[in-house]
Number of protein chains: 2
Amino acid sequence: MAPERPRRRDARENAEKLRAAALEAFLATGLDAPLEAIARVAGVQVGTLYNHFGTREGLIDAVMPEVVAGRLQAVADAALARGTARDRLDTFVRLVVDLLEGEPALSDAIMQRYPEAGVLGDVCERNTGIVRELVRDAHRSGELSDSFSADDVISLIWLGGAAGRATPAHPGWRRVIDRAMASAWTAAGDSAPAL
Amino acid sequence: MAPERPRRRDARENAEKLRAAALEAFLATGLDAPLEAIARVAGVQVGTLYNHFGTREGLIDAVMPEVVAGRLQAVADAALARGTARDRLDTFVRLVVDLLEGEPALSDAIMQRYPEAGVLGDVCERNTGIVRELVRDAHRSGELSDSFSADDVISLIWLGGAAGRATPAHPGWRRVIDRAMASAWTAAGDSAPAL
DNA sequence: AATTAAATTGAGGCTGTCTCAAATTAAGCT
DNA sequence: AGCTTAATTTGAGACAGCCTCAATTTAATT
């Protein structure tokens, strides 16, 4: 299952060119970018692409996990720098959804549009881990309503992914997501920011 | 632009068979159902389909408006039977989203996935008209928060459409949508139903 | 330089969209 | 009933995708 490192130098170079082209294409238009175009940009035939990566999912797994992990790490870092559990969770969700709004590939990744891309799936899994922690803390501090579960937050983020990929785009969705999240806090620590 | 009624009987029959097949396919799998399959079921070549309807959007316009109008009418009727402005709006939204959950074609219609299907677009436009009325009433009665606009409700419904079409499906999205809607009411007339 | 294994090619099969010249066929007229 | 004509259907063909594989090319090794 794991792709072996090519023995020949030209093959290694081709793989590298394919990775570069794939990354560019995926980030530009999403994980459903045509493989033929990727091969063309890499200066190679599609057959070569399939030789190296087997399937679209293989190619996705070869280039996306690193990028997605980086993005999520940055978001987690920014969130964890906040002072309260509520602020941490709120910041995390807001920044992740910001990502989904601008990057189709991120949406595809988060909503597991290609479930066979297991490595990418694992990276996104870590994301839900972070959410669970942040939710646990926000529950303990009493800021997050008990009726709002970690699964709810995960669903909310997934929904952002679905919206980010839907065409034609309907800009209003962001407000709805923000509102759903805003409704999650208890009256206690509430300073509801106006939408 | 308007498709003329065929002069020959066989042509009229073919058009009818095509409409029937299209309706079935659209309802089963969404407005992106393959036109080849529709033609095959109708016992005709694709060329004939294009002769009659010109484009996919033409075919959509030929079969969907009636169905969608019917569904929305039923929902509107059920909603208007309710006793309070809040209940009317709430019921309307809930029932529309129920529709989106089960019928891919409805999602495609509501989110205007094929903007060129103008007749269908008009039908859905009426939908937003209803929303605006219900929202106006709910604002006047003081039950709906002022910060929640008709556009917000429309976006919320659109979001349901996007979620209903996204694959692989993530069942949790419904709760998020319901929650967003639940957060729209003022404390005044509130008997928040537990999620 | 010859051998061998690795890698690439590009054509071909598949599904799908959409078009159009040629062949077919229903309708209307005598 | 046959003839004519105009309406309609056909099916092949051009195009974009996905994916495969036998034949060929090419880098590495001896």
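Naming: A, B, ... by sequence-line order, numbering from 1 per chain. These values consider heavy atoms only, across backbone and side chains, with no hydrogens, waters or symmetry-generated copies.
A side-chain contact (heavy atoms from CB on, under 4.5 Å) with A:V93 is found for one member of A:T91, A:L89, A:L95, A:V96 and no other, namely A:L89.
Here B:R82 does not pair with B:D90 in a salt bridge; the nearest charged N to carboxylate O distance is not below 4.0 Å. For the pair B:E13 and B:R9, the salt-bridge criterion is met [side-chain N within less than 4.0 Å of a carboxylate O].
B:V41 and B:Y50 are not part of a single hydrophobic cluster, where members link through side-chain heavy atoms under 4.5 Å apart.
Heavy-atom nearest nucleotides on DNA chain D were determined for B:P6 and for A:L35, and the one closer to the 5' end corresponds to B:P6.
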Would you list the protein and nucleotides 27-30 of chain C atom pairs, both N or O, that sit under 3.5 Å from each other?
| residue | atom | partner | partner atom | Å |
| --- | --- | --- | --- | --- |
| C:dA27 | OP1 | B:R9 | N | 3.0 |

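For B:Q45, taking side-chain heavy atoms from C-beta onward, the closest of the listed nucleotides D:dT9, C:dT9, D:dG11 is D:dG11. Side-chain proximity of B:E36 to the nucleotides D:dC18, C:dC18, D:dT10 is greatest for C:dC18. Of the candidate nucleotides C:dA7, C:dT19, D:dC18, C:dT19 has the atom nearest to the side chain of B:Y50.
Between the side chain of B:D152 and the backbone N or O of B:S149 there is at least one donor-acceptor pair closer than 3.5 Å.
Put simply, CD1 on A:I38 is 15 Å from C1' on D:dA16, counting in whole angstrom units. In this structure, B:F53 atom CZ and C:dT19 atom C1' are separated by 18 Å, rounded to whole Å.
The stretch residues 14-23 of chain A does not touch DNA chain D, since none of its heavy atoms comes less than 4.0 Å from the strand.
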Show which side-chain atoms of residues 118-137 of chain A pair as donor or acceptor with protein atoms under 3.5 Å away, not counting sequence neighbours.
| residue | atom | partner | partner atom | Å |
| --- | --- | --- | --- | --- |
| A:T128 | OG1 | A:E125 | O | 2.8 |
| A:R132 | NH1 | A:D151 | OD1 | 3.4 |
| A:R132 | NH2 | A:D151 | OD1 | 3.1 |

